[in-house]
Each structure stands twice: as structure tokens, then as C-alpha cells.
Amino acid sequence: MNGGARNRAYLTCASLAVCFTVFSFRLSDVQVTKQDYYAELAGRQHIAKLKIYARRGMIEDVHGETLAEDEPVRTIIADATLIGEKDRAEVAALLSGPLGIPESEIIEKLGRQVYSQSAKRNLPAPYIVLKKETPESVFEEINQRIAERNAADEAARKAAPKGAKRPPQNSAVKWRGILSEQTAIRVYPNKDMLCHVIGYMDHTGAGVQGVEKTMDGSLHGTEGYRYIEHDRMGNEIVPYRGDESEAHDGNNVRLTIDMGLQNIVETEIERAVTEYRPVSATIILMNPKTGDILALANRPNYNLNIQAGVPEESRLNRAITDMVEPGSTFKIVATSAALSEKIVQPDTTIFCENGNFLAYKLHDHRAYGDLTVSEILVYSSNIGAAKLAIQLGDQRFYNYVRGFGFGERTGVNLPGEINGKIKVPHLWKKISISRIAMGQEVGVTPLQMATAMCAIANGGTLMMPQIIHEVVDSHGKSVTVYKPQEVRRVATPEAAAAVRAALIQVVGPKGTAPKAQVPGYKAAGKTGTAQKTDESGHYDHETYVVSFVGFLPAQDPAFVALVLLDEAHAEHGKNYGGQVAGPVFARIGEKAARYLGIEPTEPLPPPGRAANVNDNFRD
Amino acid sequence: MSNNNHRRFENAVPIATFATWALIGIFGCGAGLGYVWCKNQLYVTGMEIKKLEVELAQTQRKNEVARVNIAKNSSTLKLKERVASGMTGLVAIPPNRPDRPDRLVIVSGTPEVPGSTGHNDLRPVSNQKLRE
């Protein structure tokens with residue numbers, strides 16, 4: 001080999017070596033250095049992460065009646081990159097009927113474009129929402145129509161004679177541009193019943209009110225995912241499934257609410273609102289032995305299925321967010337405190353200053369002389385209650401007020417509960433103790449008042465109000481059972497029994513609420529008529545909060561019921577708890593006793609005979 | 001003679017070798033075809049799985065929709081509305097068509113009606129099939 005040939009050979013070898021080195025570097029650069037980048041780039045073309053939908057749990061009443069449930073719906077989406085300009089009219093014609101949208105509107109939506117950074121120009125939008133919350137049946141109809149159209153295209157393609165223009169094989173591509181996403185809407189079958197307890201969710205699916213909020217953690221499921229590979233037609237290649245995580249449906253929450261009782265309460269609150277047109281009204285039914293809330297209704301209320309345009313006042317769960325002066329229903333605190341401390345006995349007589357207690361600028365609606373402790377409750381003497389509290393002393397009385405749960409949240413599993421208001425004794429004026437004893441200068445929530453009465457009804461133990469009975473998983477297996485919780489003992493059993501005995505007489509012929517009598521049963525309770533304050537802070541003699549809180553049967557209470565109407569428009573001179581709220585209690589008591597199967601213990605009054613009415617109802 | 005024998009041996013067909021290679025070839029082809037068949041089955045089964053999954057999901061969704069409709073139609077509010085409209089879903093027995101047996105039949109386990117006179121007595125439970 002001569003020198004020239006050898007050089008050429010060397011040059012060729014060197015060139016090849018350089019070429020291979022360059023290619024090797026590039027290869028290692030692509031395969032090793034930028035492996036992640038290119039793997040991701042390739043993955044984007046054929047790997048997708050599918051979201052697996054998890055159902056939100058149901059809310060049920062104590063017997064399992066559904067109160068809130070998810071209904072599967074679809075969001076219909078269009079991918080305009082797969083729908084050519086000439087296909088838009090055909091796609092719009094197919095979708096217009098099932099979706100109930102004009103064709104022109106669909107065509108306009110399909111023509112939307114988005115700016116592409118990489119292409120530096122506007123391109124057809126890949127994600128266009130055509131309609132949200134579409135029922136499953138509509139989605140199935142669309143699929144059916146597409147399948148029919150595809151079958152027709154295929155048949156036409158096969159039937160076309162040789163040489164004739166056939167429909168293109170990829171005519172199905174435009175239909176792949178119609179997609180859907182599974183979502184759900186929350187359905188409340190009972191609409192406005194129990195709306196303040198159930199609550200609702202925001203657009204993100206998070207609870208914002210009621211049990212939907214407080215139990216969001218249990219109700220909310222965990223969405224799953226699956227990595228899939230798909231072919232160029234978008235069909236999943238099942239053998240190449242990747243990482244996968246199972247979806248876990250949310251737990252179901254079972255409330256203590258009994259819809260049978262709730263229905264009774266809703267009917268009666270509606271009747272009371274129609275009759276008295278109050279600003280607001282609240283009725284609570286509780287089991288005094290467990291603290292379970294059996295029924296709860298407020299007015300104004302709203303339809304849970306229609307959130308738009310609901311005024312904020314209607315959304316308030318007034319049973320826990322409204323603070324009112326309780327009026328005479330609060331006298332059970334001073335009485336049971338004095339009896340528990342053994343300062344007095346039920347038959348101890350208290351001089352009621354003939355209706356005018358000058359030292360404390362306090363009046364009774366009648367000139368009472370000596371009244372026993374029981375009679376103080378029966379006749380609802382302000383002076384008698386004040387004297388019992390004065391005998392206890394500021395601090396001791398305050399301790400009992402706090403002991404009964406006033407001035408702090410009850411701890412019920414509902415959002416937005418307020419503390420109520422009770423000043424500490426060193427901020428009291430001289431006359432404060434006399435006013436607090438009769439339910440003034442103190443702010444309580446209706447639930448606090450019902451809970452306090454539960455303590456009297458069950459023998460002196462304050463129970464925590466419960467709204468959640470149980471949490472069960474999606475297979476019906478119990479996850480958490482909410483057991484009754486005793487907060488503390490607030491009165492001795494003897495004192496509670498004595499107060500109960502007095503409260504039985506309140507609904508008797510001599511008491512302030514004969515209209516609260518329940519035929520066939522021995523009921524007990526206390527009336528309350530609280531004056532409201534005007535803008536200057538003075539008591540207004542025209543506006544009242546009337547209430548009645550009682551229990552049935554008095555011997556072994558099955559339920560405590562609180563009826564409270566704010567600014568009831570009653571007949572002049574009859575705007576009192578015993579006159580307005582008492583009859584509501586009686587109707588609820590009668591129906592609820594029948595519903596719960598409580599056997600009557602008292603003789604039924606002859607038909608058509610009204611309850612004894614006296615002139616002592618002014619409270 | 002010896003030449004012929006030599007040629008015979010020289011031109012002998014190595015059947016055993018051919019057979020070995022043929023077997024290897026057949027095995028290779030079989031393995032290849034088997035692999036392709038298995039792979040194909042994998043795809044076919046995958047498609048069937050996918051189809052069943054889609055059907056299952058559709059059925060579950062239908063089930064959920066049905067459950068929601070049941071909840072709506074069996075709710076307390078719906079019952080209240082039905083009672084208000086007089087349509088409780090109970091079919092009243094017309095007064096001219098009581099369930100009256102021709103003769104008293106004592107069904108085993110049913111207590112005898114006190115004071116019954118026997119023939120043509122109304123049974124205490126209506127609309128119950130008679131057992132002779």
C-alpha cells in the first residue's frame with residue numbers, strides 16, 4: 001500500500017471514529033443524561049393518569065333515611081383539536097338535542113382557540129366545557145347517537161362501489177373529541193327540612209355549613225388514580241396498566257335525628273309561623289337521658305337544593321347562633337341551685353313582697369305574698385326567684401349558672417355555635433342577681449336552654465347535646481359510635497325531682513301554661529316571656545321572645561321540647577310563652593308521644609272540652 | 001465397489017441433524033407463535049376486562065341514580081306531599097268487594113275468632129289467601 005492510500009485509509013478510519021464518537025455522545029446524552037426528560041416527553045404522548053372518582057358519604061337519620069346523597073352527573077367536554085372546522089356543524093347537530101343547547105352556541109364554543117406558546121399562534125382549544133351537571137341518561141343518549149352515527153358511516157363505507165368516493169376511515173375521530181368527566185351533585189331529598197343541621201357544600205365540594213362541614217373529614221372520600229397507556233386512537237392498552245391507587249368512598253354519617261319526629265316539629269313550626277308571623281322561630285326536641293337531638297327546626301329556612309339567592313338570615317342555625325334573654329324559663333336554675341344547696345326545701349315559703357320588691361326595683365305581674373319554692377315556679381314569681389338567688393349569693397349562683405352550661409358552647413357537632421353571655425360576678429350591679437335569676441342580663445342559645453332542661457328532666461346531670469349517632473363506612477360497617485357524654489352533675493337528684501314536680505304544676509290549671517297540657521299524659525315545663533331591647537338598650541314593651549321548654553312524660557321523660565318564637569304577632573294581651581309557645585308544645589307532645597308509642601297515663605278529657613284556663617298565664 | 005460405497009457415504013443425508021434443526025425450528029416457530037398468541041390473548045382479555053369495567057361502572061352509576069330516585073321518592077317530604085294530596089299509594093278496598101269467605105276457615109296458627117257463629121263469618125285478617 002502506498003503512502004497516499006494509507007493516509008486515505010487513516011482518514012476514513014478517523015472520520016468514522018469521530019462520527020461514532022459524536023453519535024455515541026449524542027446517544028448517551030439522549031439515553032442517559034436527558035433520559036428523564038425524553039421519557040416524560042414520550043410518556044405524555046401515550047401515558048395518562050386517570051382519576052378514579054370517590055363517592056361522598058351519605059347523611060342519614062337515625063333509622064337510615066337518606067338526608068343527603070351524591071348523584072352522579074357528567075361534565076360534557078369538547079376537544080376542538082379533534083373536531084375539524086367542517087365537522088363542527090355535524091357535532092353541534094348531534095349534541096344540541098340531548099344537551100338542550102342551540103346549535104349555534106355549540107358551534108361558537110367549538111370554535112374557541114387558545115394561544116400556544118410552542119407554536120406561537122392560536123390553536124383550537126383542547127378543553128371546552130359544553131355543559132356541566134348533565135344527567136347520566138343524557139350522556140348515554142349522546143353515546144348512543146355517536147355509536148349509531150359511526151355504524152352508519154361504517155356501513156356507507158363498505159357499501160360504496162369501487163371507484164366511488166368513500167367516507168374516510170377516520171371519520172370517527174371527530175366523535176373522539178366529545179369527552180365527559182364524572183362528577184356528582186349533592187341531592188337533599190327533603191329539600192328544606194332539617195336544612196340548618198344538614199348544611200351544604202361549596203363549589204369545590206367542601207362542606208361549609210351544618211354536618212356537611214363538621215363531618216367533612218368523614219364524608220369526604222379519597223379519590224384514586226391509575227396510570228394507563230393508550231394507543232393513538234385513545235383506547236387504553238390494558239396489559240400496560242401502571243401504578244394504581246384504589247378510590248375509597250366517604251363514610252356515611254348517621255344523625256340522632258328521627259325524621260318522624262322532625263316531620264312533626266316541621267309541621268308545627270310551620271303552623272306557628274303562619275299563625276304568629278314571628279321574625280324567627282326555633283323548636284328543639286331532645287332525649288334528656290342521652291342528650292341526643294331528635295329534631296331541630298328553625299325559621300326562616302331554605303331549600304338545600306337551591307342555594308342561589310338564599311339570604312344569609314335564612315342560613316342561620318338559630319338554635320346555636322342566636323343569643324336571647326331566656327326570661328322565666330331561666331328560673332329553673334335559681335330554684336334547683338337553692339334546692340341543691342339545701343338553702344330551702346320545696347315547701348319553704350318565701351315572702352314575695354306583695355308584688356313589689358323595692359330594694360331591687362322588681363315587680364311581679366300579681367301581688368304574691370308567701371309562696372313556696374314550688375309555687376315560685378308555678379306562678380313564675382320574679383321576686384321569689386330573685387330572693388332564692390340572693391340567698392345563694394353572687395358567686396354561688398354564678399357557679400350554678402355556669403354549671404348548667406350557660407356562657408360556654410355545648411359542644412354539639414355543628415358549626416357556628418356561640419357561647420352565650422353571662423357576666424362574671426364582679427361586673428354585676430347590685431340588682432343584677434335579681435335580674436339574672438328571672439332570665440334577664442343573660443344571653444343564652446335555645447340549645448343551651450333545652451340542654452339545661454334536659455338536666456332537670458334526667459335527674460340533675462348535664463348531657464352534651466349529640467347530633468351524630470354513628471359513622472359507618474360504605475359497606476355499612478360501624479366506624480365510630482358517638483356515645484352519650486355526661487358533662488357534669490348540676491343539681492342533686494332530690495332538687496331535680498322537686499323542680500320536676502313544680503314544673504308539672506306549671507302546665508296544670510293553676511300554672512302559667514295550662515294550654516301546654518298534653519291530653520292523656522303528664523307533661524311538665526316552664527314558660528318564658530322575655531322583653532326585647534330596643535336600639536337604645538332599654539326594654540321594649542311591644543316586642544317579646546316567647547318560649548316554652550318542657551318534657552314528657554313527666555314521670556320518666558322521653559323527650560324535652562323547646563319552642564321559641566321571636567317577636568310573635570299574637571293577639572294583644574296574649575303574647576306570652578304559655579299562650580303562644582305552650583299550645584305548640586302541647587301539639588308536638590301529643591303527636592310525638594303517639595309516634596314514640598308512649599302509653600297514656602292520665603284520663604283523657606271529654607271530647608270538645610278545652611283545657612282549664614286561668615288568668616295566670618302572663619309569663 | 002468401494003468407490004460406490006465411498007460415494008454413498010459421502011452423499012449421505014444427515015437426517016438426524018436435519019431432524020434436530022427441524023425440531024429446533026418447529027419449537028422456535030411454536031414458541032414464537034405461542035408468544036404471539038399469548039400476547040394477542042393478553043390484549044383480547046384486556047379489552048374484555050376494559051369492556052366489563054366500563055359496564056360495571058355504568059351499572060354502578062345507574063344504581064346510584066336509582067338509589068337517589070328511591071331516596072327522593074321515599075323521603076319524609078314526599079310522603080308528606082302524598083298525604084296532603086291524598087295519594088299515599090295505598091289502594092282502598094272498595095266497599096262492595098270485601099274479602100268474604102264462603103265458610104269460616106281456621107288457618108293453622110290463627111286463633112279462633114271469639115263469638116264466631118261459623119258460616120260466613122268475616123275473618124279477622126282480610127286479603128289473606130285461604131288455605132283449605
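Just so it is clear: chains get the letters A, B, ... in the order the sequence lines come, proteins before strands, and each one is counted from 1. Since the structure is predicted, the reported quantities are computational estimates derived from the model, not experimental observations.
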- If one checks every heavy atom of B/Lys80 against chain A at 4.5 Å, the contacting part turns out to be side chain

- Query: Relative to chain B, which segment of A/Asp70 carries a heavy atom at a distance below 4.5 Å: side chain, backbone, both, or neither?
  - Reply: backbone

- If you tally heavy-atom pairs under 4.5 Å against chain B, which of A/Arg55, A/Lys191, A/Glu140 wins? A/Arg55

- Message: Please rank A/Glu65, A/Met58, A/Glu266 by heavy-atom pairs under 4.5 Å with chain B and give me the top one.
- Response: A/Glu65

- Query: B/Glu53 versus chain A, heavy atoms under 4.5 Å apart: side chain, backbone, both or neither?
  - Reply: side chain

- Task: Go through A/Lys51 and A/Glu181 one step at a time and tell me if the salt bridge (charged side-chain N to carboxylate O under 4.0 Å, His left out) criterion holds.
- Result: CA-CA 10 Å; A/Lys51 197 167 72 175; A/Glu181 278 179 3; 5.9 Å; no

- Message: Under a 3.5 Å threshold, yes or no: a donor from one side chain and an acceptor from the other, between A/Tyr188 and A/Asn303?
- Response: no

- May I ask you to name which of A/Asn190, A/Val238, A/Thr66 has the most heavy-atom pairs under 4.5 Å with chain B? A/Asn190

- Note on the structure: Whatever's closer than 4.5 Å to a heavy atom in chain B on A/Gln262 counts as neither

- Message: Quick check on A/Thr267 against chain B: is it the side chain, the backbone, both or neither that has a heavy atom closer than 4.5 Å?
- Response: both

- Query: When you look at CZ of B/Phe27, are more than 12 heavy atoms from neighbouring residues, nucleotides or ligands closer to it than 6.0 Å?
  - Reply: no

- Message: If you count heavy atoms of other groups shown closer than 6.0 angstrom to NZ of B/Lys50, is the number above 12?
- Response: yes

- Message: Looking at every heavy atom in both A/Tyr302 and A/Arg315, which two are closest together, and how far apart are they?
- Response: CE2-CA, 3.7 Å

- Message: Would you compute the distance between atom CD of A/Glu212 and atom CE of A/Met215 and round it to the nearest 0.5 angstrom?
- Response: 11.0 Å

- Query: By a 4.5 Å heavy-atom criterion (distance strictly below it), what part of A/Met193 contacts chain B: side chain, backbone, both, or neither?
  - Reply: side chain

- Task: Quick one: pull up CG in A/Leu296 and CD1 in A/Ile284 and give me the separation to the nearest 0.5 Å.
- Result: 5.0 Å

- Message: Please classify the contact between A/Glu136 and chain B as side chain, backbone, both or neither, with a heavy-atom cut-off of under 4.5 Å.
- Response: side chain

- Item | Heavy-atom pair count under 4.5 Å with chain A, highest-scoring of B/Met47, B/Lys62, B/Gln58 | B/Lys62

- Side chain / backbone / both / neither for A/Leu67 at chain B, heavy atoms under 4.5 Å: neither

- Tell me yes or no: between the side chains of A/Glu229 and A/His46, is some donor less than 3.5 Å from an acceptor? yes

